[in-house]
Amino acid sequence: MQLLNWTANKTNSVGRLILMAVLALGLVFALRAVYRAGYLEATITKTTQMTSMIFTILIGATLFSLVFRGLGGDDMVHRALADLPGGTTGAIITVMIAMFLLGFVMDAFEIIFVVVPIVAPALLKMPGVDPVWLAIMMAVNLQTSYMHPPLGPTLFFLRGVAPPEITTRHIYVGIIPFVLIQLFALVVLWFAPGLATWLPHRLYGG
């Protein structure tokens, strides 16, 4: 019995090694073909530029957050949100509206790195705020920044593939229903928070 188990394990190991070797060989041939076609250098350059941009924003936002917290900004934001009419409800609604409006002039990554570290700790200190639910609400809200003008990346993607008879105005008008769907999803999550929290709590407890 032990010999059979050893043989089976050995066969599985050899099979995995062969599969990994085939995949590695396929990757080498794919990279070779892409390199010969002249796409690899442009792809690596663009990827490096995007990665550098994101990490530059992350480093700058981290430095800003450290200085902001060192000067007592967290307490100031917490007091400002706590003093809003409606308590926790009013504070969350105000932050959601602010994030939605910022999406018109800021990229989602910029909002995540700059705005969220400032407002999220203050909101989490308020009573009755579930961190999972708040994170999902912010994520759904930030998805709209990919769609509404003037900086929505989705609009630029559509503009790049749309035929000439489809104008930018048509794209701007056509995106409205999708933004409304996102806002409707926010309303549904507001009144049914279990849609966001049920599965994480089921998996991890809490």
Side-chain angles (χ1 to χ4, degrees), residues 15-69 95-96 98-121 131-132 134-179 181-183 185-186 189 196 199-200 203-204:
R16 284 195 292 267
L17 288 175
I18 294 174
L19 180 60
M20 291 176 62
V22 171
L23 291 175
L25 188 62
L27 180 61
V28 170
F29 279 109
L31 289 175
R32 185 165 172 248
V34 172
Y35 177 76
R36 286 187 170 183
Y39 297 133
L40 187 60
E41 184 177 352
T43 302
I44 292 176
T45 302
K46 191 65 175 178
T47 302
T48 304
Q49 290 175 351
M50 293 294 294
T51 305
S52 301
M53 181 191 70
I54 292 173
F55 273 95
T56 301
I57 295 173
L58 176 59
I59 293 170
T62 303
L63 292 173
F64 173 77
S65 299
L66 289 174
V67 174
F68 186 80
R69 291 173 181 170
V95 170
M96 290 296 158
M99 291 177 66
F100 177 77
L101 296 177
L102 285 172
F104 284 90
V105 295
M106 294 177 66
D107 186 72
F109 285 108
E110 297 172 0
I111 298 175
I112 292 171
F113 292 148
V114 177
V115 179
V116 173
I118 294 175
V119 298
V132 175
L134 181 64
I136 297 299
M137 289 284 288
M138 288 184 172
V140 174
N141 194 352
L142 287 172
Q143 284 180 346
T144 60
S145 66
Y146 287 95
M147 294 187 290
H148 53 52
L151 299 178
T154 306
L155 304 178
F156 294 103
F157 297 152
L158 289 175
R159 180 66 276 168
V161 300
E165 59 269 18
I166 304 296
T167 64
T168 303
R169 181 181 178 183
H170 291 148
I171 295 175
Y172 283 178
V173 173
I175 211 71
I176 293 175
F178 296 95
V179 175
I181 290 173
Q182 291 288 130
L183 297 178
L186 274 177
L189 286 173
L199 183 59
L203 293 175
Y204 305 107

Could you measure the distance from the CG atom of L17 to the CE atom of M20? Nearest 0.5 Å is fine.
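The distance works out to 7.0 Å.
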Point-to-point distance, once rounded to the nearest 0.5 Å, from CD of Q143 to CD1 of I181
12.0 Å
Is it the case that over 12 heavy atoms from other parts of the model lie below 6.0 angstrom from the CZ atom of F178?
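Count not over threshold, so no.
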Walk me through it: do M96 and L134 pass the test side chain to side chain contact (heavy atoms under 4.5 Å, CB included)?
CA-CA 10 Å; M96 290 296 158; L134 181 64; 4.2 Å; yes
Under a 4.5 Å cut-off applied to non-hydrogen side-chain atoms, are L183 and F100 in contact?
yes
Any non-hydrogen side-chain atom of V116 less than 4.5 Å from a side-chain atom of M99?
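In short, these two side chains touch, coming nearer than 4.5 Å.
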Where [X] and [Y] come nearest, the two heavy atoms and their spacing:
X: A185; Y: V140; result: CB-CG1, 4.3 Å
X: L189; Y: A196; result: CD2-CB, 4.0 Å
X: M138; Y: V95; result: CE-CG1, 4.3 Å

Would you find a donor on one side and an acceptor on the other, under 3.5 Å apart, between the side chain of T144 and the backbone of N141?
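A pair under 3.5 Å: yes.
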